Q: 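Just dropping this structure here.
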Amino acid sequence: MGDFVKISENENDDAVEVPVEKNGTLLVSNVAAQFPGACGLRYRPVDAQSYRGVRLVDGVLHPPADGWKSCVFFVNYPKGPVIADVRSQEKRKLEESDAVTAAKLLRSEPRISDLVVLGLPFSTNEEELKDYFSAFGSVVLSQVKNDPVTGKSKGFGFVRFADYESQLKAMSMRHMIGGRWCEVKLPQSKMYPQNPERSRIFVGRCPEDITTEDLRQFFCQFGEVTDVYIPKPFRSFGFVTFANEAVAQSLCGQDVIIKGSSVHLATAEPKNAAMRQQSRLATTQNTLAGLGAALGVGVNAAATPAPTGGFNLTPAMVAAMTQALQTGNWGNVGVGGMGGVGAGPRQGPGASPSNAYGRPSGNWM
DNA sequence: GTTGAGCGTT
């Protein structure tokens, strides 16, 4: 039984040893403690030229057949469409599609977010909270939530940093504040509302020898896979369900190579739901056009050729953006920049310094 | 004057 797993960010980076649980599994949370934002692991089996994902169930990573000691594992991050990995699977034979171009452009820094601080001493005030977290970087928001009637602290609050690096640092460790261990997490309110129907993708053109395990191994590089289904008798397609619907949606419309076969990924929504989706998209065209303008790209959900210089966003990209517009969360779409999109609140480094102790403007609707 | 998992009166 190995005590540690060697994990590194990239092939050339030094590995970090992350402890294995008593039952031989590895917790994603432990990986994320060393690699903030990590959502999974992949590795190179000796007999394979492509990466293989580590099985992930409910935040628990299960050891591959050869165990944790067999090789170094690499960190997966949820940065929206994982184009680079798809392309390596395809041996870079395919032309760069519009979706790939769009995804590369859209794939910038992760977002800054307010962070919830749990477990504060009831005596800690907003100034002390800010002073503590200033050790990690510039604090642009510090709040302690009080009981409306008693006026006393409820023992939790919120902080926000001016830059994402500070946020990562603060999120990657526990904090001793006023003599108590406190937790710092992304707020629940910022989590994606998951729609089970949109978390599932259709995998078409499957070869007959494909197994649910093949699909699971391939798709877990993009995010946590919660279910794989191949109808019996074999009908050349299957379904893969992700824990995060944005991951599923980011893959739709692509062709990927699995076990040497080009399979097609599409939305698994029923037809009537797809129709409703279409009309919903139509209503957001103006907003998306504004987004496209901000990014300097053409936006066209029908993927017709752009006049000049720009490129199109596929329906899958538009779907991901639409979701972001509706939830106010761009985290899994990866659209960078604090301003100019024209949808959703603007908040953060650009906000006035007098915001330091309160009245955050980030209301996320 | 007490408490101790959680999620934000604007």
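No experiment lies behind these values; they were computed from the predicted model shown.
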Q: Toward the 5' end of DNA chain B, which comes first, Pro121(A) or Leu115(A), by nearest nucleotide?
A: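 Checking each residue's closest nucleotide, the 5'-ward one belongs to Pro121(A).
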Q: Does the aromatic ring of Phe158(A) sit over the six-membered base ring of dG8(B), closer than 5.5 Å centre to centre and tilted less than 30°?
A: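 Yes, Phe158(A) stacks on the base of dG8(B), since the ring centres sit under 5.5 Å apart and the planes are within 30°.
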Q: With ring centroids as reference points, do Phe237(A) and His264(A) lie under 6.0 angstrom apart?
A: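 Phe237(A) vs His264(A): aromatic centres not under 6.0 Å.
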Q: Identify, with sequence neighbours excluded, every residue that meets side-chain contact (heavy atoms from CB on, under 4.5 Å) alongside Ser172(A).
A: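 With sequence neighbours excluded, Ser172(A) shows a side-chain contact (heavy atoms from CB on, under 4.5 Å) to Pro36(A), given in chain and number order.
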Q: Under the side chain to side chain donor-acceptor pair (under 3.5 Å) rule, collect the residues that match up with Glu208(A), sequence neighbours excluded.
A: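 Glu208(A) satisfies side chain to side chain donor-acceptor pair (under 3.5 Å) with no residue once adjacent residues are dropped.
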Q: Would one find a side-chain N or O of Lys145(A) under 4.0 angstrom from OP1 or OP2 of dT9(B)?
A: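 For dT9(B), OP1 or OP2 has a side-chain N or O of Lys145(A) closer than 4.0 Å.
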Q: Atom CG of Asp114(A) to atom P of dG6(B): distance rounded to whole Å?
A: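 Interatomic distance, CG of Asp114(A) to P of dG6(B): 21 Å.
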Q: Starting at atom CG of Asn146(A), determine the distance to atom P of dG6(B), rounded to an integer number of angstrom.
A: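 One finds 21 Å between P of dG6(B) and CG of Asn146(A), rounded.
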Q: To the nearest Å, how far apart are Lys185(A) NZ and dC7(B) P?
A: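 So the NZ-P distance, Lys185(A) to dC7(B), works out to 9 Å.
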Q: Between Phe122(A) and dG4(B), do the rings stack, that is, sit under 5.5 Å apart with planes less than 30° off each other?
A: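 A stacking contact exists, since Phe122(A) sits close and nearly parallel to the base ring of dG4(B).
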Q: In whole angstrom, give the distance that lies between atom CG of Leu186(A) and atom C1' of dG8(B).
A: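 Leu186(A) atom CG is separated from dG8(B) atom C1' by 14 Å.
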Q: His175(A) NE2 to dG4(B) P: how many Å, rounded?
A: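 Value for this atom pair: 23 Å.
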Q: Please say whether the positively charged group of Arg200(A), taken as NZ for Lys or CZ for Arg, lies over the ring of Phe242(A), i.e. under 6.0 angstrom from the six-membered ring centre and within 45 degrees of the axis.
A: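 So Arg200(A) doesn't make the cation-pi contact.
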Q: Round to the nearest Å and state the distance from Met176(A) atom CE to dG4(B) atom P.
A: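 From Met176(A) CE to dG4(B) P: 18 Å.
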Q: Between Ser153(A) and Phe156(A), which is nearer to the 5' end of DNA chain B once each is assigned its nearest nucleotide?
A: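 It is Ser153(A), whose closest nucleotide lies nearer the 5' terminus.
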Q: Does the ring centre of Trp68(A) sit less than 6.0 Å away from the ring centre of Phe73(A)?
A: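 Yes, the ring centres sit under 6.0 Å apart.
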Q: NZ of Lys152(A) versus P of dT9(B): gap in Å, rounded?
A: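 So the two atoms are 17 Å apart, to the nearest Å.
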Q: From CZ of Arg180(A) over to P of dT3(B), roughly how many Å is that when rounded to an integer?
A: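 It is 11 Å, rounded to the nearest whole Å.
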Q: If you look at every strand shown and take non-hydrogen atoms under 4.0 Å, does Leu120(A) touch a base, only sugar-phosphate, or nothing?
A: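 Base contact.
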